Engineer: 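Here it is, the structure in full.
Any value given below was found using the heavy atoms of this structure, including those in side chains, with hydrogens, waters and symmetry copies removed. These figures come from a predicted structure and were not determined experimentally. Every chain is numbered from 1, with letters handed out A, B, ... down the list of sequences.
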Amino acid sequence: MNPRRILVTAALPYANGPIHIGHLVEYVQTDIWVRFQRLRGHRVVFVCADDTHGTAIMISANKAGVSEEQWIARISEQHQRDFATFGVDFDNYGSTNSPENRELCAEIWSSLRRENLIVEKDVEQLYDPVKGTFLADRFVKGTCPKCGAADQYGDNCDKCGSTYSPRDLINPVSTLSGAQPEVRVATHLFVELEQLHEFLEQWTQSGNHLQSETANYLKGHFLGDPLRDWDVSRPAPYFGFEIPDSPGNYWYVWFDAPIGYIASTAQWCAAHGERLEDWWKNPETEIHHFIGKDITYFHTLFWPGMLHKAGFQLPAKVHIHGFLTVNGEKMSKSKGTFITAETYAKHLDPQVLRYYFASKLGPRLDDLDLSFDEFAKKIDADLVGKVVNLASRTAKFLAPTGLSPEYPDDGGLFEYGAKQGAEIAEAYENCDYNRAVRLILELADRANPFVEQAAPWKLAKDPEQADRVRDICTIGINLYRQIIIYLSPILPELAGKTERLLGTPITHWNDASAPLTGSSVAKFEHLMKRIDTKDIDAMIEDSKTPAAEDASAEATAPTWNDGPEALAAEPLTETCTIEDFAKVDLRVARVVAAESVPEANKLLKLTLSLGGDERRQVFAGIKAAYQPEDLVGRLVVMVANLAPRKMRFGLSEGMVTAAGPGGAEVFLLGVDSGAQPGQRVH
RNA sequence: GGGCCAGUAGCUCAGCGGUUAGAGCAGGGGACUCAUAAUCCCUUGGUCGCGGGUUCGAAUCCUGCCUGGCCUACCA
């Protein structure tokens with residue numbers, strides 16, 4: 001087989017929050033495919049990047065009290081750490097906020113200009129006069145014009161399901177500032193996608209670039225009518241790239257995000273002495289995108305259109321997958337099923353999640369359910385009980401002698417496994433991982449009875465039978481290794497341990513058709529742990545956040561179960577007057593700096609901002625409950641007129657309000673978004 | 001309202017025109033003790049969502065209905 005040259009991308013995660021197990025479905029799926037192709041001897045470059053532009057990033061950075069650049073740098077670091085934890089091994093991890101991306105955006109943009117695809121149109125949009133920014137629909141709330149339900153988003157009503165323009169909302173309010181938005185007109189730039197209608201019809205409906213259901217979806221929803229113009233600009237202020245020939249306008253995040261694939265490849269090329277043209281402008285290179293079904297639209301219409309007009313190579317295939325549900329339901333923060341990569345890894349082994357996903361993933365875009373019950377059973381039964389068990393019951397007999405010099409007669413077991421390699425490879429190639437896993441596990445189901453019947457542990461008691469024992473175990477361990485080679489794209493860590501056990505690296509898929517002989521075997525060590533359901537419970541508990549933080553929980557009528565203990569521990573005090581209360585000047589403040597006081601057991605030194613240049617230094621006894629870095633940027637409520645107090649470590653100019661008995665059980669009072677530092681609490 | 005997908009043993013799924021419908025897990029019985037209470041053997045269990053049709057023959061094709069999921073409903 002001729003080696004193929006393959007460029008693989010996974011969707012760019014938005015730099016607005018942590019990676020969670022739902023994201024991981026995609027990155028694991030893609031990484032498995034990449035590892036598989038490499039093992040087959042193909043040339044693969046696997047790139048990704050953080051998607052860093054847009055209004056949401058500005059808001060998050062602003063809330064955290066840092067610049068957008070600082071914010072995205074922090075998120076990028078977290079994302080890359082999480083991917084590494086789960087064995088997702090990119091060749092290059094870039095950022096859409098990179099010079100390479102800016103340059104490529106400009107290049108593609110000028111192509112679109114040259115092709116006369118860009119038109120200007122005035123757009124009326126709501127504008128927040130306090131924040132000085134235009135508002136996307138989701139940043140406006142108000143009363144539904146149809147049914148009168150309060151507190152609905154700008155584009156549709158949760159209560160009655162009607163859709164409308166944010167301008168129709170009754171009493172609209174900006175969620176950023178609380179101000180009443182006004183209507184303003186701005187000039188936007190549009191891509192006249194309709195000019196590409198025929199090309200997109202042809203590209204989406206032929207050539208097997210898309211799963212059939214996606215092709216049907218596009219045909220039914222978009223390609224039946226003239227394609228609408230695509231609004232690709234946003235007026236300042238906007239965190240992104242300013243459009244070179246349209247000052248004051250910025251490329252919409254969805255314009256520059258997919259170009260980030262190319263930019264990330266460009267970075268890789270620069271670092272490895274390769275030419276970008278070979279990867280993006282050469283028909284010999286296969287480009288494969290892996291994405292979730294939510295972003296189908298961008299990757300199957302705009303993106304091919306842009307590439308086509310700008311003279312880049314079109315994707316060979318866009319692989320689209322469904323979403324993750326947990327225990328049959330959408331992930332939920334209040335139920336503890338909104339599990340971040342970091343939290344998962346704190347409690348469970350990352351590689352077994354890869355196995356579970358693989359055992360459920362198919363080539364269709366169906367949703368995938370993570371049932372923890374099934375998860376534990378699958379790992380224990382398949383991996384520990386069947387696969388790893390093969391090694392653990394044979395390796396120790398081989399440690400003293402090594403493998404037999406010639407591969408013994410095994411009744412055709414190894415040969416059968418080698419033959420199955422073709423079918424397993426085909427399943428991987430088609431992203432039909434659950435089929436691949438089924439086929440591989442069948443091999444383990446054949447291998448265990450062989451070992452059972454041959455019973456080397458009985459023969460081992462008779463020194464006369466030493467050769468026979470070695471032969472049987474040579475067979476057993478080779479069958480094990482064959483299985484591991486097939487599983488290695490899914491379980492690279494287990495594959496690595498196996499390489500060390502047998503002192504032989506796995507370098508190619510075809511290693512599975514040549515048994516090892518004569519080599520030594522290391523002392524057997526545990527390869528994999530069974531799942532302890534206590535760890536799953538702890539992980540779910542760890543993922544739970546108060547119901548109030550979960551928007552979806554509001555709709556599902558949460559049940560509270562608040563006991564009387566807290567009140568009993570600290571009974572209510574005597575009544576005070578409003579004047580008494582007014583003596584205490586509570587203010588919203590932002591933590592702009594936080595550091596641990598090394599000599600103090602309980603104290604953190606906080607610098608609080610009351611807006612403008614007003615700063616207060618406060619020592620707070622919350623060391624056991626909060627990490628300084630987690631506090632920077634957040635809003636707190638402080639007692640601003642408390643008499644300053646000299647402490648051993650410096651002057652404390654106020655105090656931060658918090659509840660809880662103390663120690664690690666301290667909970668800072670939060671402030672709903674919209675509040676500004678310096679505002680008084682009444 | 002429209003579209004797509006699925007409905008097969010308690011659970012997860014395979015089979016997608018051809019003998020009495022399969023696997024894994026779970027359940028029941030036994031064996032073994034090398035191995036992470038792992039493994040092995042035997043076994044219980046299904047009018048293949050429901051009704052029509054095509055065919056010598058249908059879980060498998062067509063059609064209607066029911067149920068569930070996802071996507072849409074003139075936003076992308």
Engineer: According to the interplanar angle, ranging from 0 to 90°, do the rings of A:Phe199 and A:His308 count as parallel (below 30°), tilted (30 to 60°) or perpendicular (above 60°)?
Structural biologist: parallel
Engineer: Using atom C1' of each nucleotide, how far apart are B:rU36 and B:rG45 to the nearest Å?
Structural biologist: 31 Å
Engineer: Hey, does A:Pro456 reach any base, or is it just sugar-phosphate, or nothing, if we go heavy atoms under 4.0 Å?
Structural biologist: nothing
Engineer: Nearest 0.5 Å, please: how far is CD in A:Glu213 from CG in A:Leu365?
Structural biologist: 4.0 Å
Engineer: With rounding to the closest Å, how many angstrom separate the P atoms on B:rG46 and B:rA9?
Structural biologist: 10 Å
Engineer: Give A:Val451 one of three labels, base, sugar-phosphate or nothing, depending on what nucleic acid heavy atoms sit under 4.0 Å from its own.
Structural biologist: nothing
Engineer: So A:Arg435, base contact, sugar-phosphate only, or nothing? Heavy-atom distance under 4.0 Å.
Structural biologist: nothing
Engineer: Counting just side-chain N and O atoms, does A:Arg530 come under 4.0 Å of either OP1 or OP2 of B:rA38?
Structural biologist: yes
Engineer: Between P on B:rC5 and CG on A:Asn216, what's the gap in Å once rounded to a whole number?
Structural biologist: 7 Å
Engineer: How about A:Phe255 and A:Phe241: are their ring centres within less than 6.0 Å of each other?
Structural biologist: no
Engineer: Taking only N and O in the side chain of A:Lys378, is any of them less than 4.0 Å away from OP1 or OP2 of B:rC11?
Structural biologist: no
Engineer: Measure from the side-chain heavy atoms of A:Lys377 and tell me the nearest of B:rA26, B:rC40, B:rA35.
Structural biologist: B:rA26
Engineer: Which one, B:rC70, B:rC40, B:rC34, comes nearest to the side chain of A:Arg393?
Structural biologist: B:rC34
Engineer: Measure up the A:His23 and A:Tyr27 rings against each other and bin them: parallel (under 30°), tilted (30 to 60°), perpendicular (over 60°).
Structural biologist: tilted
Engineer: B:rC50 and B:rA58: how far apart are their C1' atoms, nearest whole angstrom?
Structural biologist: 16 Å
Engineer: A:Lys219 NZ to B:rG3 C1': how many Å, rounded?
Structural biologist: 14 Å
Engineer: Measure from NZ on A:Lys360 to C1' on B:rA6 and round the result to the nearest Å.
Structural biologist: 13 Å
Engineer: In dot-bracket form, how is RNA chain B paired, counting a Watson-Crick or G-U wobble pair only if both its distances are under 3.5 Å and using | for bases paired to another strand?
Structural biologist: ((((((((.[[[[.)..(...]]]].(((((.......))))).....[[[[[..)....]]]]])))))))....
Engineer: In whole Å, what is the span from the CZ atom of A:Arg446 to the P atom of B:rC40?
Structural biologist: 13 Å
Engineer: Report the nucleotide, chosen from B:rC34, B:rU12, B:rC4, that has the shortest atom-to-atom distance to any side-chain atom of A:Glu213.
Structural biologist: B:rC4
Engineer: Given the P atoms of B:rA59 and B:rU19, what is the spacing between them in whole Å?
Structural biologist: 10 Å
Engineer: Would you indicate which nucleotide in B:rC25, B:rU36, B:rC40 comes nearest to any side-chain atom of A:Val384?
Structural biologist: B:rU36
Engineer: For residues A:Thr96 and A:Asn101, is any side-chain donor paired with an opposing acceptor at under 3.5 Å?
Structural biologist: no
Engineer: What distance separates A:Lys219 NZ from A:Thr204 OG1, expressed to the nearest 0.5 Å?
Structural biologist: 8.5 Å
Engineer: Compare the minimum distances between each of B:rC74, B:rU33, B:rC41 and the side chain of A:Trp457, then state the nucleotide with the smallest one.
Structural biologist: B:rU33
Engineer: Do any side-chain nitrogens or oxygens of A:Arg228 fall under 4.0 Å of OP1 or OP2 in B:rA76?
Structural biologist: yes
Engineer: When you check the phosphate oxygens OP1 and OP2 of B:rA35, does a side-chain N or O of A:Lys396 lie under 4.0 Å from one of them?
Structural biologist: yes
Engineer: Measure from CG on A:Leu223 to P on B:rU72 and round the result to the nearest Å.
Structural biologist: 16 Å
Engineer: At under 4.0 Å between heavy atoms, what does A:Phe323 touch on the DNA or RNA strands: base, sugar-phosphate, or nothing?
Structural biologist: sugar-phosphate
Engineer: Say we look at B:rG18 and B:rC13: how far apart would their P atoms be, to the nearest angstrom?
Structural biologist: 24 Å
Engineer: Nearest to the A:Asp366 side chain among B:rA76, B:rC5, B:rA35, which nucleotide is it?
Structural biologist: B:rC5
Engineer: Taking the minimum atom-to-atom distance to the side chain of A:Lys458, which one of B:rU33, B:rU36, B:rA76 wins?
Structural biologist: B:rU33
Engineer: Could you tell me whether A:Asp367 contacts a base, only the sugar-phosphate backbone, or nothing, with contacts defined as non-hydrogen atoms closer than 4.0 Å?
Structural biologist: sugar-phosphate
Engineer: Rounded to the nearest Å, what distance is computed from the CG atom of residue A:Asn434 to the C1' atom of nucleotide B:rA14?
Structural biologist: 9 Å
Engineer: Please report, to 0.1 Å, the donor-acceptor pairs under 3.5 Å made by any side chain of residues 183-197 of chain A, with sequence neighbours excluded.
Structural biologist:
{"unit_1": "A:Arg184", "atom_1": "NE", "unit_2": "A:Glu182", "atom_2": "OE2", "d": "3.2"}
{"unit_1": "A:Arg184", "atom_1": "NH2", "unit_2": "A:Glu182", "atom_2": "OE2", "d": "3.2"}
{"unit_1": "A:Thr187", "atom_1": "OG1", "unit_2": "A:Asp122", "atom_2": "OD1", "d": "2.9"}
{"unit_1": "A:His188", "atom_1": "ND1", "unit_2": "A:Asp231", "atom_2": "OD1", "d": "2.9"}
{"unit_1": "A:His188", "atom_1": "ND1", "unit_2": "A:Asp231", "atom_2": "OD2", "d": "2.8"}
{"unit_1": "A:His188", "atom_1": "ND1", "unit_2": "A:Ser233", "atom_2": "O", "d": "3.1"}
{"unit_1": "A:Glu192", "atom_1": "OE1", "unit_2": "A:Gln195", "atom_2": "NE2", "d": "3.0"}
{"unit_1": "A:Glu194", "atom_1": "OE1", "unit_2": "A:His197", "atom_2": "ND1", "d": "2.8"}
{"unit_1": "A:Glu194", "atom_1": "OE1", "unit_2": "A:Leu227", "atom_2": "N", "d": "2.5"}
{"unit_1": "A:Glu194", "atom_1": "OE2", "unit_2": "A:His197", "atom_2": "ND1", "d": "3.2"}
{"unit_1": "A:Gln195", "atom_1": "NE2", "unit_2": "A:Asn116", "atom_2": "O", "d": "3.0"}
{"unit_1": "A:His197", "atom_1": "NE2", "unit_2": "A:Leu223", "atom_2": "O", "d": "2.9"}

Engineer: Looking at A:Lys121 and A:Asp229, is there a salt bridge between them, counting it only when a charged N and a carboxylate O are closer than 4.0 Å?
Structural biologist: yes
Engineer: Determine the contact category for A:Asp445: base if any of its heavy atoms lies under 4.0 Å from a base atom, sugar-phosphate if only primed atoms, P, OP1 or OP2 are that close, otherwise nothing.
Structural biologist: sugar-phosphate
Engineer: Quote, to the nearest angstrom, the P distance that separates B:rC65 from B:rC4.
Structural biologist: 14 Å
Engineer: Expressed as a whole number of angstroms, how long is the span from A:Ile483:CD1 to B:rU39:P?
Structural biologist: 13 Å
Engineer: Can you tell me, in whole Å, how much space there is between the P of B:rG3 and that of B:rC11?
Structural biologist: 31 Å
Engineer: Quick one: side chains of residues 469-489 of chain A, donor-acceptor pairs under 3.5 Å with protein atoms, not counting sequence neighbours, listed by atom name and distance.
Structural biologist:
{"unit_1": "A:Asp471", "atom_1": "OD1", "unit_2": "A:Ser404", "atom_2": "OG", "d": "2.6"}
{"unit_1": "A:Thr474", "atom_1": "OG1", "unit_2": "A:Ser404", "atom_2": "N", "d": "3.0"}
{"unit_1": "A:Thr474", "atom_1": "OG1", "unit_2": "A:Ser404", "atom_2": "OG", "d": "3.1"}
{"unit_1": "A:Thr474", "atom_1": "OG1", "unit_2": "A:Arg470", "atom_2": "O", "d": "2.6"}
{"unit_1": "A:Asn478", "atom_1": "OD1", "unit_2": "A:Leu516", "atom_2": "N", "d": "2.7"}
{"unit_1": "A:Asn478", "atom_1": "ND2", "unit_2": "A:Thr474", "atom_2": "O", "d": "3.0"}
{"unit_1": "A:Asn478", "atom_1": "ND2", "unit_2": "A:Leu516", "atom_2": "O", "d": "2.9"}
{"unit_1": "A:Tyr480", "atom_1": "OH", "unit_2": "A:Thr498", "atom_2": "OG1", "d": "2.8"}
{"unit_1": "A:Gln482", "atom_1": "NE2", "unit_2": "A:Phe414", "atom_2": "O", "d": "3.0"}
{"unit_1": "A:Gln482", "atom_1": "NE2", "unit_2": "A:Ala512", "atom_2": "O", "d": "3.0"}
{"unit_1": "A:Tyr486", "atom_1": "OH", "unit_2": "A:Gly417", "atom_2": "O", "d": "2.8"}
{"unit_1": "A:Ser488", "atom_1": "OG", "unit_2": "A:Ile485", "atom_2": "O", "d": "2.8"}

Engineer: Closest approach to the side chain of A:Leu527, judged atom by atom: which nucleotide of B:rA14, B:rC70, B:rU36 is it?
Structural biologist: B:rU36
Engineer: Name the nucleic acid region contacted by A:Leu441, choosing base, sugar-phosphate or nothing; use a 4.0 angstrom heavy-atom cut-off, strictly under.
Structural biologist: nothing
Engineer: Nearest to the side chain of A:Met528, which nucleotide is it out of B:rA14, B:rU36, B:rU12?
Structural biologist: B:rU36
Engineer: Can you tell me how far C1' of B:rU12 sits from CG of A:Asp382, to the nearest Å?
Structural biologist: 11 Å
Engineer: When you compare the ring of A:Trp254 with the six-membered ring of B:rA76's base, are the centres less than 5.5 Å apart and the planes under 30° from each other?
Structural biologist: no
Engineer: If I compare all heavy atoms of A:His347 with all of A:Met539, which pair ends up nearest, and what's the gap?
Structural biologist: CD2-CA, 3.5 Å
Engineer: If we take the C1' atom in both B:rA26 and B:rU43, what is their distance in whole Å?
Structural biologist: 14 Å
